[in-house]
Asker: 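Following this message is one structure expressed as structure tokens.
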Amino acid sequence: MAKSHEMEHPVNAFGWAARDTTGILSPFNFSRRATGDLDVQFKILYCGICHSDLHFVKNAWGFTQYPIVPGHEMVGVVTEVGNKVEKVKVGDKVGVGCLVGSCRECDSCTEDLENYCSKLIITYCGKDVDGTTTYGGYSDIMVANEHFVVRWPENFPLDAGAPLLCAGITTYSPLKHYGLDKPGLHIGVVGLGGLGHVAVKFAKVFGSKVTVISTSANKKEEAIEKLGADSFLVSGNEEEMHGAAGTLDGIIDTVSAVHPLAPLISLLKTDGKLIMVGAPENPLEVPVFPLLTGRKVVAGSSIGGLKETQEMIDFAAKHNILPDVEIIPIDYVNTAMERLLKSDVKYRFVIDIGKTLRQNN
Ligand code: NAP
Ligand code: ZN
């Protein structure tokens with residue numbers, strides 16, 4: 001008989017889990033493995049809430065296994081390291097993002113693209129090498145192989161910085177990979193949420209002119225005055241959208257729901273690139289003619305490898321790029337999920353795990 005979640009491993013752990021497609025989270029006892037030779041154990045202090053957590057707890061993509069402890073933007077302080085660990089020591093600040101394992105041998109892995117390994121082990125709702133389920137950062141402690149642990153830069157805030165582990169790398173990586181990080185380019189960011197607002201910040205530091213394309217007219221003032229965007233288009237306003245046709249070199253599309261691509265493609269210049277990072281649960285329609293007539297590209301990107309994630313965190317610390325966050329206690333998590341669904345957050349919820357997660361929650 002399979003062992004219970006509490007008995008699977010020797011180390012007691014506690015978090016909040018969803019048990020079914022309602023996605024409602026509640027306290028959950030489980031266990032973590034003992035710290036292996038190459039493992040790092042850390043006390044989780046903060047964990048961001050990514051829209052993927054929401055897709056997952058509701059089984060929107062169809063492969064959720066319950067119970068699920070979400071959270072792949074976790075940061076904390078190292079409490080124990082294995083004999084062979086060289087990267088960090090007890091007391092260091094660290095983070096874990098969306099992946100905790102990969103084969104380390106395939107072409108993707110050897111090119112530092114563990115995120116594209118076919119044997120990728122995701123941080124929660126994944127199958128670990130020993131066949132047990134992985135659990136995420138809405139919990140008190142974490143154990144991960146040092147390769148998948150990111151060193152936290154000195155004096156870089158843990159709370160506001162946590163979302164960079166997913167929202168940060170997911171936007172930084174395609175901007176770099178698709179050559180959209182060159183100064184003077186005009187970049188569009190679609191959807192001003194967790195990913196979108198970080199994309200704006202990176203693109204500005206790269207020296208781009210940035211246009212936000214949003215369904216929410218009420219985000220305009222802040223996008224321009226606070227986030228530094230140069231202009232703002234309301235996607236439902238046809239006149240505004242037509243006026244901006246053919247102006248963008250590239251677009252990062254972070255939208256979490258099904259939405260029309262044709263109006264976005266029309267914003268691109270010849271050779272422009274529309275990069276999808278949002279992951280709606282149903283397919284989107286791609287109109288082909290506007291691609292042909294402008295030699296335009298529609299492509300995708302998923303998080304980033306560990307080397308690039310470390311590079312991104314160090315870059316963010318150097319340039320003081322920090323997500324705008326709303327810090328919440330763990331018992332607010334279900335309300336936060338409801339608000340996230342309504343795009344009612346500026347711009348990322350971060351759970352204060354260290355101060356609010358208790359066994360008796
Ligand atoms: P989020 O904070 O909820 O932001 C998504 C934004 O999309 C919203 O703020 C909203 O912006 C816009 N939006 C929402 N519903 C819309 C609709 N029906 N039509 C048009 N626009 C809509 O979510 P997030 O955490 O940034 O994640 C965004 C998406 O990326 C999710 O699908 C998530 O699963 C995915 N994701 C992918 C990766 C990857 O590796 N590729 C990594 C992380 C997350 P406005 O109010 O400005 O319109
Ligand atoms: Zn995420």
Side-chain angles (χ1 to χ4, degrees), residues 47-61 64 70-74 95-99 113-116 120 122-125 136-138 162-175 177 188-201 211-223 227 229 232-237 241 251-261 263-264 275-282 284 299-305 308-309 312 323-326 336-350:
C47 187
I49 300 184
C50 177
H51 204 113
S52 301
D53 300 348
L54 180 54
H55 291 302
F56 256 109
V57 295
K58 291 183 178 274
N59 195 23
W61 294 324
T64 300
H72 57 209
E73 294 180 339
M74 68 184 96
V96 163
C98 303
L99 24 157
L113 295 170
E114 303 90 339
N115 49 318
Y116 298 119
L120 169 75
I122 53 177
T123 300
Y124 60 81
C125 220
Y138 299 7
L164 292 168
L165 291 161
C166 175
I169 187 61
T170 301
T171 50
Y172 178 92
S173 183
L175 285 168
H177 177 74
V189 174
V190 192
L192 198 60
L195 268 56
H197 92 291
V198 176
V200 172
K201 293 187 183 214
T211 293
V212 170
I213 302 119
S214 168
T215 57
S216 313
N218 63 4
K219 292 182 181 171
K220 177 171 180 174
E221 200 179 312
E222 213 176 83
L227 300 175
F232 189 97
L233 301 170
V234 177
S235 49
N237 182 328
M241 293 291 281
I251 296 176
I252 302 292
D253 183 336
T254 75
V255 174
S256 50
V258 171
H259 60 290
L261 295 185
L264 303 178
I275 314 300
M276 308 304 299
V277 295
E281 52 193 86
N282 287 309
L284 309 189
S301 186
S302 175
I303 45 173
E308 194 176 37
T309 303
M312 177 277 309
D324 294 4
V325 299
E326 181 175 336
M337 289 288 189
E338 282 169 28
R339 284 181 50 195
L340 184 58
L341 190 60
K342 294 187 279 189
S343 305
D344 174 23
V345 51
K346 288 182 175 167
Y347 288 91
R348 194 59 133 193
F349 289 113
V350 171

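Read the numbers this way: they start at 1 and go in the same order the structure lists the ligands and their atoms. Only a predicted model underlies this, so the values are computations on that prediction, with no experimental measurement involved.
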Asker: Not counting sequence neighbours, which residues clear side-chain hydrogen bond (donor to acceptor under 3.5 Å, both in side chains) with Lys219? List them please.
Answerer: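 Once residues adjacent in sequence are excluded, Lys219 has no partner under the side-chain hydrogen bond (donor to acceptor under 3.5 Å, both in side chains) criterion.
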
Asker: Taking all atoms of both residues into account, what is the closest heavy-atom pair of Glu114 and Gly305, and its distance?
Answerer: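 Looking at all heavy atoms of both residues, the closest pair is OE1-CA, 3.3 Å.
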
Asker: Write down the atom of Asp53, the atom of Gly48, and the distance for their closest heavy-atom approach.
Answerer: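 Closest heavy-atom pair between Asp53 and Gly48: OD2-O, 3.7 Å.
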
Asker: Under 4.0 Å between a Lys/Arg side-chain N and an Asp/Glu carboxylate O for Lys58 and Glu281?
Answerer: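 So Lys58 does not pair with Glu281 through a salt bridge.
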
Asker: Do you know the tightest heavy-atom contact between Leu164 and Met312?
Answerer: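 So the minimum-distance heavy-atom pair works out to O-CE, 3.2 Å.
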
Asker: Run through Leu165, Val277, Val198 and flag the one making a side-chain contact (heavy atoms from CB on, under 4.5 Å) with Thr170.
Answerer: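 Among Leu165, Val277, Val198, the one that satisfies the side-chain contact (heavy atoms from CB on, under 4.5 Å) with Thr170 is Val277.
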
Asker: Around the Zn ion (ligand 2), how many protein N, O or S atoms are found at less than 2.8 Å?
Answerer: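 Protein heteroatoms (N, O, S) closer than 2.8 Å to the Zn ion (ligand 2) number 3.
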
Asker: Checking Asn115 now: which residues fulfil side-chain hydrogen bond (donor to acceptor under 3.5 Å, both in side chains) with it, not counting sequence neighbours?
Answerer: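 For Asn115 there are no side-chain hydrogen bond (donor to acceptor under 3.5 Å, both in side chains) partners, ignoring immediate neighbours.
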
Asker: Looking at Ile169 and Pro174, what are the two nearest heavy atoms and their distance?
Answerer: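 That closest heavy-atom pairing would be O-CD, 4.1 Å.
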
Asker: Please work out which of the three classes, parallel, tilted or perpendicular, describes the rings of Phe56 and Trp61, given edges at 30° and 60°.
Answerer: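 Perpendicular, since the angle between the ring planes exceeds 60°.
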
Asker: Tabulated below should be the N or O atoms of ligand 1 paired with protein N or O atoms at under 3.5 Å; can you produce that?
Answerer:
residue  : atom   : partner : partner atom : Å
ligand 1 : 2 (O)  : Gly194  : N            : 2.8
ligand 1 : 3 (O)  : His51   : ND1          : 2.7
ligand 1 : 9 (O)  : Lys219  : NZ           : 3.4
ligand 1 : 11 (O) : Leu192  : N            : 3.2
ligand 1 : 23 (O) : His51   : ND1          : 3.4
ligand 1 : 25 (O) : His51   : N            : 3.0
ligand 1 : 25 (O) : Arg348  : NH1          : 2.6
ligand 1 : 26 (O) : Gly194  : N            : 3.4
ligand 1 : 26 (O) : Leu195  : N            : 2.8
ligand 1 : 32 (O) : His55   : NE2          : 2.8
ligand 1 : 32 (O) : Ala279  : N            : 3.0
ligand 1 : 34 (O) : Ser52   : OG           : 2.8
ligand 1 : 34 (O) : His55   : NE2          : 3.3
ligand 1 : 40 (O) : Ile303  : N            : 2.8
ligand 1 : 41 (N) : Val277  : O            : 2.9
ligand 1 : 41 (N) : Ser301  : O            : 3.0
ligand 1 : 46 (O) : Ser216  : OG           : 2.5
ligand 1 : 46 (O) : Lys219  : NZ           : 2.6
ligand 1 : 47 (O) : Leu192  : N            : 2.7
ligand 1 : 47 (O) : Ser214  : OG           : 2.6
ligand 1 : 48 (O) : Thr215  : N            : 2.8
ligand 1 : 48 (O) : Thr215  : OG1          : 2.6

